[in-house]
2 protein chains.
Amino acid sequence: MGNDSQNRNNSRATWIGVRDAIHARILCRDYGPGARLPRDEELAEQFGCARTTVQRAMRDLQDKGLIERRRKGGTWVRQHPVTRATFEIPVIRQEVEEKGRTYGYQLVHQEVAQPPLDVQANFGSWAAGPMLQVQAIHLADHRPYVYEDRWVCLQTVPDIREADLQRESANEWLVRHQHYDRLDLRIYARKATERDAGLMGIAGGEALLVLERTTWIDQRLITSVRSITRPDYQLVAST
Amino acid sequence: MGNDSQNRNNSRATWIGVRDAIHARILCRDYGPGARLPRDEELAEQFGCARTTVQRAMRDLQDKGLIERRRKGGTWVRQHPVTRATFEIPVIRQEVEEKGRTYGYQLVHQEVAQPPLDVQANFGSWAAGPMLQVQAIHLADHRPYVYEDRWVCLQTVPDIREADLQRESANEWLVRHQHYDRLDLRIYARKATERDAGLMGIAGGEALLVLERTTWIDQRLITSVRSITRPDYQLVAST
DNA sequence: GAGTGGTCTAGACCACGGC
DNA sequence: CCGTGGTCTAGACCACTCG
């Protein structure tokens, strides 16, 4: 280890090379926590590359939460690097099928109603009128996999009235018919109620992972869904 | 809505403008799921900007999971857009103090031992020797907030033997002395054992959110920690 | 082989935000 | 005000991968 630094060879510097070199300097405390890094232009000279290339490298380090940049303020090594991890949450059918299991779906309940306050809490300042509530179970190999309790905004997505939610899950219908441009996600654990237990085929009082997702388009509410997973469900992310 | 498309004004196109215009075309199904987008160069002509600018816009859409790009293959709208959400997991002291609460810390147990198999499962092919086990509680306003059960690799981080873990948590010591370049994260729910309950000051059988983090540097294991949070703990992310 | 995205450059101007 | 990062450009070459 420890070549890096200047671009001594005639080989052209790549932004990944520059990024790793700077990363290394941070790790070995050449640039310690709270330290200020040289200006992009100066680093570009050091590495014998264009300023754009340094910029590209810096953006990556910034996305990783390692540094902070501000115009005029310059670039700084973060005092307390945050851990940033990105999860991918696929469409449930796809997730099941990619595991080589058989996907199934069952509608449990559907009605137009006023969402309760704990659901409305996810809506921010959005004034909720009556919404379509859809409760359904996604199955993997004919056994409960995820139970979802969803509220769909009929004002934003009126066409869903025409959808046949016996056949196709609201999850998939929405993916095909209504994209979103903002997503709020909340994850927590809670004990399975007797109803949960019956639906999921587990014992009451089990610990369940709950995902609450609310999506928006153009500031307008699309849907808010609370997904309850089986006790053995895990979310996995890397770097 | 709905101007966009060509850059009719003399105003210079920004990559954000280009991104939003393309995003809009995807939303309104000008480019529907599975459709192929024009080549970057052609889009650049359409928008009256440089190809670099289109690239920048495309990278953003790609990061959001909306499109796929391949050399020679071109750019495609994803059939099933994945939901990508990024969490920030701060140093616990900081998290507590930012909420305006008083941070506290208490060491529960510390010894050198062989990690059990369920911990080693996080190590991949890494052959674990004896490691330093550190169990500790983080407090907020003098009440249990997070309990962590940590294993530190003495081979990779020998200096931690010198640390005074009565005073400073291994969490903070490691943040200051040992950066990582890879992180694996696993999140799930589990019932509180009697021991958990006693430590966290809650009832047995409560549902707890568990975070397992394993970090690495240069392919070498640094630490693996299982953090148990209070039942009311939530992870929150926004697109 | 050839088409497409990925990267690099050198230079210009802009926008934010300390001083 | 003015230093610093952010963006845009036009053009060149490279690298992957599909046919």
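Proteins get letters first, then strands, A, B, ... in listed order; numbering begins at 1 in each. Source: prediction; values computed, not measured.
- By the neighbour-count criterion of 12 heavy atoms within 6.0 Å, atom CD of A/Q62 is densely surrounded, having more than that number from other residues, nucleotides or ligands.
- One interatomic measurement links the two molecules: CH2 of A/W76 to P of C/dG18, which rounds to 11 Å at whole-angstrom precision.
- Using modelled atom types, one finds a donor on one side chain and an acceptor on the other under 3.5 Å when comparing A/D184 with A/W216.
- Spacing between atom CZ of A/R69 and atom P of C/dA15 amounts to 18 Å, rounded to whole angstrom units.
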Checking salt bridge (Lys or Arg N to Asp or Glu O under 4.0 Å) for the pair B/E172/B/R93: CA distance, chi angles, key distance, verdict?
-> CA-CA 8 Å; B/E172 287 193 75; B/R93 172 200 285 277; 2.9 Å; yes

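- A heavy atom closer than 4.0 Å to some atom of DNA chain C occurs in A/C49, A/A50, A/R51, A/T52, A/T53, these being the qualifying members of residues 49-63 of chain A.
- Atom CD1 in A/I16 sits roughly 14 Å away from atom C1' in D/dC14 (whole-Å rounding).
- Atom CD in A/E68 sits about 15 Å away from atom C1' in D/dT4, given to the nearest Å.
- Looking at A/T156, its side chain does come within 3.5 Å of a backbone N or O of A/L221 through a donor-acceptor pair.
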So which protein N/O to nucleotides 16-19 of chain D N/O distances come out below 3.5 Å?
unit_1: D/dC18; atom_1: OP1; unit_2: B/R70; atom_2: NH1; d: 3.4

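- Rounded to an integer number of Å, the gap from CD of A/E41 to P of C/dA12 is 12 Å.
- Computed from coordinates, the B/E42 CD to C/dG5 C1' distance equals 15 Å when rounded to whole Å.
- Straight-line distance from the CG atom of B/D40 to the P atom of C/dT4: 10 Å, rounded to whole Å.
- With rounding to the nearest 0.5 Å, the separation of CD1 in B/I217 from OH in B/Y180 is 10.5 Å.
- Across A/H138, A/E95, A/H142, a single residue satisfies side chain to side chain donor-acceptor pair (under 3.5 Å) together with A/Y103, and that is A/H138.
- Of the N and O atoms on the side chains of B/Y188 and B/E212, at least one donor lies less than 3.5 Å from an acceptor on the other residue.
- The phosphate of C/dT4 (OP1 or OP2) has no side-chain N or O of B/T75 nearer than 4.0 angstrom.
- When the side chain to side chain contact (heavy atoms under 4.5 Å, CB included) test is applied to B/P158, no partner is found at least two apart in sequence or on another chain.
- Residue A/E45 contributes atom CD, which lies 13 Å from atom P of C/dT9 at whole-angstrom precision.
- Counted within 6.0 Å of CZ on A/R143, heavy atoms from surrounding residues, nucleotides or ligands total 12 or fewer; the atom is thus considered open.
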